[in-house]
Amino acid sequence: MTVLQTRVDMSTALGAAPIPSPVLTASGCSAFGRELEPFVDLSAIGAVVTKSVQLRPRSGRPTPRMAETPSGMLNSIGLQGPGIDGLLADELPWLAERGARAFVSIAGTRVEDFAELAARLRGVPGVLGLEVNISCPNVESRGEVFACDPVAASDVIAAVRAAADAAHPVYAKLSPDVTDIVGVARAVTGAGADGLSMINTLLGLVIDPDTMRPVLGGVTGGLSGPAIRPVALRCVWQVHQALPEVPILGMGGIRTGLDALQFVLAGASAVSVGTAVFNDPSAVARVHAELAAALEQRGFASLREAVGYAHR
Amino acid sequence: MTVLQTRVDMSTALGAAPIPSPVLTASGCSAFGRELEPFVDLSAIGAVVTKSVQLRPRSGRPTPRMAETPSGMLNSIGLQGPGIDGLLADELPWLAERGARAFVSIAGTRVEDFAELAARLRGVPGVLGLEVNISCPNVESRGEVFACDPVAASDVIAAVRAAADAAHPVYAKLSPDVTDIVGVARAVTGAGADGLSMINTLLGLVIDPDTMRPVLGGVTGGLSGPAIRPVALRCVWQVHQALPEVPILGMGGIRTGLDALQFVLAGASAVSVGTAVFNDPSAVARVHAELAAALEQRGFASLREAVGYAHR
Amino acid sequence: MSALTRPAPRAYAPPVQRTVEVIGRRPVEAYVELTLAAPEIAERAEPGQFVAFAVGGPTSGLLLRRSIAISTAEAGVVTVVVSAAGPGSTWLTERRVGDALDVVGPLGRRFPDPPPGARALLVGGGYGAAALVGLAARLRDRGCPVDVVAGAAGADRLCSVQELTGLADRLEVTTDDGSSGRRGLVTLAVDELLPEAGVVYACGPMPMLRAVADAATARGIPSYVAVEESMACGIGVCMTCVLPVVGEDGRTRFSRSCTEGPVFGGDRVRFADVGALPWDVVGADAMGVVAP
Amino acid sequence: MSALTRPAPRAYAPPVQRTVEVIGRRPVEAYVELTLAAPEIAERAEPGQFVAFAVGGPTSGLLLRRSIAISTAEAGVVTVVVSAAGPGSTWLTERRVGDALDVVGPLGRRFPDPPPGARALLVGGGYGAAALVGLAARLRDRGCPVDVVAGAAGADRLCSVQELTGLADRLEVTTDDGSSGRRGLVTLAVDELLPEAGVVYACGPMPMLRAVADAATARGIPSYVAVEESMACGIGVCMTCVLPVVGEDGRTRFSRSCTEGPVFGGDRVRFADVGALPWDVVGADAMGVVAP
Ligand SMILES: Cc1cc2nc3c(=O)[nH]c(=O)nc-3n(C[C@H](O)[C@H](O)[C@H](O)COP(=O)(O)OP(=O)(O)OC[C@H]3O[C@@H](n4cnc5c(N)ncnc54)[C@H](O)[C@@H]3O)c2cc1C
Ligand SMILES: Cc1cc2nc3c(=O)[nH]c(=O)nc-3n(C[C@H](O)[C@H](O)[C@H](O)COP(=O)(O)OP(=O)(O)OC[C@H]3O[C@@H](n4cnc5c(N)ncnc54)[C@H](O)[C@@H]3O)c2cc1C
Ligand SMILES: Cc1cc2nc3c(=O)[nH]c(=O)nc-3n(C[C@H](O)[C@H](O)[C@H](O)COP(=O)(O)O)c2cc1C
Ligand SMILES: Cc1cc2nc3c(=O)[nH]c(=O)nc-3n(C[C@H](O)[C@H](O)[C@H](O)COP(=O)(O)O)c2cc1C
Ligand code: FES
Ligand code: FES
């Protein structure tokens, strides 16, 4: 990464964990970081947010798993991954060796799964903290997604906070597919979340005009990319407005430093770059550099000064 | 409009009201139809869905009222319009003279407003039916949007159905910004809606990197255009799946005949073309022609056969 | 204030939508002049009107058309001058001869004819001067004496000066930095030429329009300004492009600059209230704005 | 079945991201061949690898890169052959000499070397033949005898036949409609040449790869196929491009065709299960799929 040397102090934090850059990868959009090595200095970015991991290895869903959409894409990967054992054995040591910070995304279908994952990650070298992907179906509630129910969402967060390493900030990752995102945000921070990751994908569907059936094996999928950026920004704005003390990791369609700046001004103290990495494998580093330059141009001495500035 | 002469029977209906084409304008995206006359034969399209009208004339919000976004736009017009008197005096007679069908969108901030509007439109020549824009703040519930609360939404629809001309189908226009759109759909059809218009815009925000403030005077605005198409299709799919008997007027990012086809296959028996008109003033007619050709290529003898086909 | 102007007249002909060919491209200082083979638009166009281009090509993520004033329209050819402001206009400036462009036009209202025997003062700011070339030619053809003031921030932002020189009786150039013509705002020259003018036409940035309109109105001279408001549709269906404009009945309405403008009487636009919602705009009460 | 192949080896060098210039454009039947000045990619590229292009330019609504096989890479120049399938590939075919393209590559694994002394049979379907040109040249340089079968639906869908004629000992052409070469599928010619082959390399549509791989495996001949799966990232981070592939431990995994492929052992890809989730794929149990 060629970090443009600006005079802007770009350091920030996830909860109490300091990071040198506010720009991170997004869960599921940079795997476990390895493949970005040719394009990005992994130790210089804020953190590698790893693909959501569950207790057991998962094959993920059958293909097709994606459909391109106007300025975005739909995916239905089904959380393919090595499971927590594989993560601990292979991926986290690899990142730790390189001095990269891992912000580990965990997922499950039961409250206890999440808690067990958090416990397994206690004290693991290189782990900076946990992002809790609650956009998963809750097997105990007829498959309703945790993130769509403030009570279920807080149960998960409370359990994770209790089980997790005290030094690990716990971020709850919220879904935009709710009537009242502020209500969910309040519930999970009440339950102990140290911060909020916003937003996960929007539920979408594409039909193949040739087969005349849904493109994705899983019928619906998650919409991401610049198309959803205005929705993501609105969520960040609303939650920061209501809960100005709660740190936000903003994401959804960030492609440039000026996109990231919008999230910062709306209230995010750090951002994740997801789908844009598919377009530009060096996007995370580029966004950092562009954001630093944009802040400098606007006379900010530090990133922190700009957080939530649009509300003032 | 150069309707390609296909062998496909394109006739359909809004509730019990027959229309010769399944392609309509979208409320607020073609004003009251006049300005499209140089580009489209207004009597040949399904109907002109008029800009949502309220009881009194409204200035709408101050500018800026829009921001372009990737494959979409954000608007915050604030329902500028002539009020029901102006509509009845100027706009509806103009449409009726030309043999154009008006599907009149009504809006209000109180249940009684909606009912009064419906009553005023009874027996008015050229009025085909009513689309009830419930994406408005409910003054009696601290400004919560009717469409986000199944109870408030059904109250409006029940009142409108009771007050409206019996010959006027009443369509409830749903917002995608809810946790459970099927629940809202069930509630409003239970309250007497003859059909559902889906979807209204998604709530979004854009921040101007120069002023470092929200672009729109109204802070947030409605996101529309191809960017939201996958979300709109998902909503149509879910509701048709749950309530296959309920007619759906599908919309959200339709730009081509193949886009419209996706909505039909997902369960819409008619579609509205909104933002795409800003890109192509003849879009409504073009989409009709392209949809007819696409249906013919796929061996459908009529539009009706294709409605909901992707579920079968 | 009693109104000096009547609302600009509607266009004679409705707009058309056509795919046209770029037949000329010429960088002119900071701008690019594009020449289009667009017979059906050229034959309908009147000075003051504009066209709207689809931008970005078939894979474009830019959905909205870009409005560009018509500079000249004759013999089947339409000329526009484009400034690369953002992604859409930049794309336009990158078109090459032989490329096809999807264009809708002519749109909006035209500059009204001058009062009989009046001397016309045309004031253009930046690329706004381009929109006055067709008007100057028409006025000249009709025997109306024409003075022109063209101003810009710097020499490279001046526009169409050569064309206007050939058409005007007198032409004054001003630049903010003095890099061409006189140093200062257009009002410097306008103030000098205004006493002789019977009508003023202006096109350029809003603060310039405001200054020119105010100066004309103060002297009781009718003025017509072609405004530039952010537009989503350009054809009058979206209501994004409104300004507070005083109607013939004296009441202020939010008027669409694409279809009720872009040409408005300079004394009718409430420049100070652009971007606000004054209580006396028709329908402001329904928005909850109350008289102070 | 005991495995005949080992997984394709990783690339020697990591990929780079560069803006490169189009220095040649040539329509070849139904396709367009683009020649790119891309020294850093050319020097790293190995036969079987591909590049990924950003498409649509700066205003594009197409976010994802398009993967295109490298046909040849030598002397700083990379050649690709593009078929206009949808909007992205169509945009690519419309590029002109002098245009810049944003490209990432070389990506994916390469074709492994042939067993010593083996005669190689290369089978290309449609534009898939282009991906074999570099391989054929390399094999020939190393003294490996090369037979080639190029097939397509019709004559206009054949690709790189001229280049391959110059490199192959024997070249057979087949078309489904008989418009060029023999009428029929590639398997017609493959069945004849296979007995002499010590290794098979194939690139083309999945049904063709399946038929060729099955024929080779049935005869105990190792085969390597370059598959084409829908890709969102091309670099291994998104997991959209997976296929059920049998690993060295005999267990089937959903393997990424961009980084663990696109070259796979023909006997390792479970063609019949592409697009399905067989119970014995590692991690299928966690998806709720149970052994029958
Ligand atoms: C009647 C009229 C005549 C014009 N004539 C000319 C001309 O002759 N030459 C010229 O260079 N420019 C002209 N403009 C301005 C030109 O339309 C804008 O510069 C252009 O739309 C900006 O698009 P962009 O993608 O480059 O910038 P962006 O700022 O990215 O545009 C974003 C969105 O805002 C809209 N927008 C932004 N600024 C304007 C604006 N000033 N007016 C209308 N819409 C805007 C765009 O259409 C787009 O939808 C004219 C505008 C109007 C309304
Ligand atoms: C390893 C590899 C090598 C290839 N080599 C060539 C080649 O040499 N010449 C050539 O013409 N084409 C090649 N293709 C296919 C080419 O990538 C697709 O035709 C192209 O991506 C389609 O994009 P589109 O916008 O035209 O079509 P669309 O169908 O609109 O594409 C929509 C989306 O699906 C993806 N997609 C669709 N089809 C494919 C596909 N077959 N493979 C990967 N992604 C796909 C696109 O990347 C895009 O994200 C190759 C594909 C792969 C995976
Ligand atoms: C292919 C893909 C896979 C994803 N996988 C995950 C995941 O495993 N866990 C998670 O929390 N979010 C996942 N996401 C969501 C992203 O982390 C992010 O919240 C979302 O895509 C919005 O950001 P973007 O527009 O920058 O991609 C995934 C997104 C994509 C596109
Ligand atoms: C400028 C603009 C104004 C709109 N005004 C209204 C309105 O008055 N009433 C309404 O029900 N929907 C309104 N809508 C929403 C559209 O009718 C439609 O539901 C939405 O834009 C999605 O469709 P589209 O993507 O095709 O535009 C408006 C949309 C836009 C872009
Ligand atoms: S730009 Fe749409 S009404 Fe003027
Ligand atoms: S295309 Fe993304 S992992 Fe293969």
Side-chain angles (χ1 to χ4, degrees), chain B residues 25-26 28-40 51 54-83 86 109 139 215-217 221 224-227 253 255 274-283 286, chain C residues 11 13-17 44 52-56 58-66 86-88 102 104-105 107 229-244 251-259 273-289:
Chain B
T25 65
C29 299
S30 288
F32 302 100
R34 283 182 204 246
E35 294 81 3
L36 291 194
E37 219 188 10
F39 306 101
V40 173
K51 170 90 188 155
Q54 299 205 15
L55 286 173
R56 289 191 290 161
R58 287 168 65 90
S59 63
R61 292 219 182 80
T63 55
R65 290 177 168 188
M66 74 103 174
E68 198 178 34
T69 68
S71 296
M73 67 175 283
L74 212 61
N75 88 80
S76 138
I77 308 297
L79 298 185
Q80 174 167 357
T109 53
V139 288
V215 170
L216 301 178
S224 64
R255 196 171 177 179
T275 308
V277 169
F278 307 164
N279 177 266
D280 174 6
S282 53
R286 178 177 50 72
Chain C
V16 296
Q17 179 175 11
R44 286 168 167 79
F53 293 101
V55 293
T59 66
S60 181
L62 304 177
L63 197 64
L64 306 176
R65 285 178 184 261
R66 269 47 180 179
D102 173 353
V104 174
L107 293 166
E229 251 300 329
S230 190
M231 294 181 175
C233 78
I235 60 167
V237 294
C238 75
M239 316 302 281
T240 61
C241 61
V242 300
L243 294 175
R251 300 181 67 195
T252 302
R253 288 178 186 76
F254 271 159
S255 299
R256 290 163 298 175
S257 50
C258 64
T259 38
D273 294 321
V274 171
L277 173 46
W279 66 272
D280 59 342
V281 169
V282 172
D285 53 343
M287 305 297 297
V289 180

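What you are looking at is a predicted structure, and each value in this text was computed from that prediction instead of being measured. Any value given below was found using the heavy atoms of this structure, including those in side chains, with hydrogens, waters and symmetry copies removed.
- Counting heavy-atom pairs under 4.5 Å between each of Arg253(C), Met231(C), Met239(C) and chain B puts Met239(C) at the top.
- Looking at Arg34(B), there are no atoms closer than 4.5 Å to chain C (heavy atoms on both sides), in backbone or side chain.
- Contacts with chain C were tallied for Gly217(B), Pro38(B), Gly60(B); Gly60(B) has the most, counting heavy-atom pairs under 4.5 Å.
- Proximity to chain C is absent for every atom of Ser76(B), based on heavy atoms less than 4.5 angstrom apart.
- Pro64(B) does not touch chain C: none of its heavy atoms, backbone or side chain, sits under 4.5 Å away.
- Gln80(B) places none of its side-chain heavy atoms less than 4.5 Å from the side chain of Arg256(C).
- Annotation: maximal heavy-atom pairing with chain C below 4.5 Å, among Pro281(B), Cys29(B), Ala276(B), Gly225(B), occurs at Pro281(B).
- Residue contact with chain B, scored on non-hydrogen atoms closer than 4.5 Å, involves the backbone and the side chain of Asp285(C) alike.
- Side-chain atoms of Pro14(C) and Phe39(B), non-hydrogen and from C-beta on, never get closer than 4.5 Å to each other.
- Between Leu64(C) and Met66(B), some side-chain heavy-atom pair lies under the 4.5 Å cut-off.
- Ile235(C) has its side chain within reach of Leu36(B): a pair of non-hydrogen atoms, C-beta onward, lies under 4.5 Å apart.
- With a 4.5 Å cut-off on side-chain heavy atoms, Thr63(B) and Glu229(C) count as touching.
- Under the salt bridge (Lys or Arg N to Asp or Glu O under 4.0 Å) criterion, Arg251(C) pairs with no residue at all, not counting sequence neighbours.
- Most heavy-atom pairs under 4.5 Å with chain C: of the set Arg65(B), Arg61(B), Glu37(B), this distinction falls to Arg65(B).
- The candidate from Val16(C), Val237(C), Val282(C) with the greatest count of non-hydrogen atom pairs under 4.5 Å with chain B is Val237(C).
- Using a 4.5 Å cut-off between heavy atoms, Ser60(C) contacts chain B through its backbone alone, with no side-chain atom that close.
- Looking at heavy atoms from C-beta onward, Arg255(B) lies in side-chain contact with Leu63(C) at the 4.5 angstrom threshold.
- Sequence neighbours left out, the pairs with a member in residues 66-75 of chain B that pass salt bridge (charged side-chain N to carboxylate O under 4.0 Å, His left out) are Glu68(B)-Arg66(C).
- Inspection of the Gln17(C) and Ser282(B) side chains reveals an N or O donor paired with an N or O acceptor under 3.5 Å.
- The greatest number of non-hydrogen atom pairs below 4.5 Å with chain B, out of Cys238(C), Cys241(C), Pro278(C), Ala276(C), is found for Cys238(C).
- No other option in Ile77(B), Asn75(B), Thr25(B) has as many heavy-atom pairs under 4.5 Å with chain C as Ile77(B).
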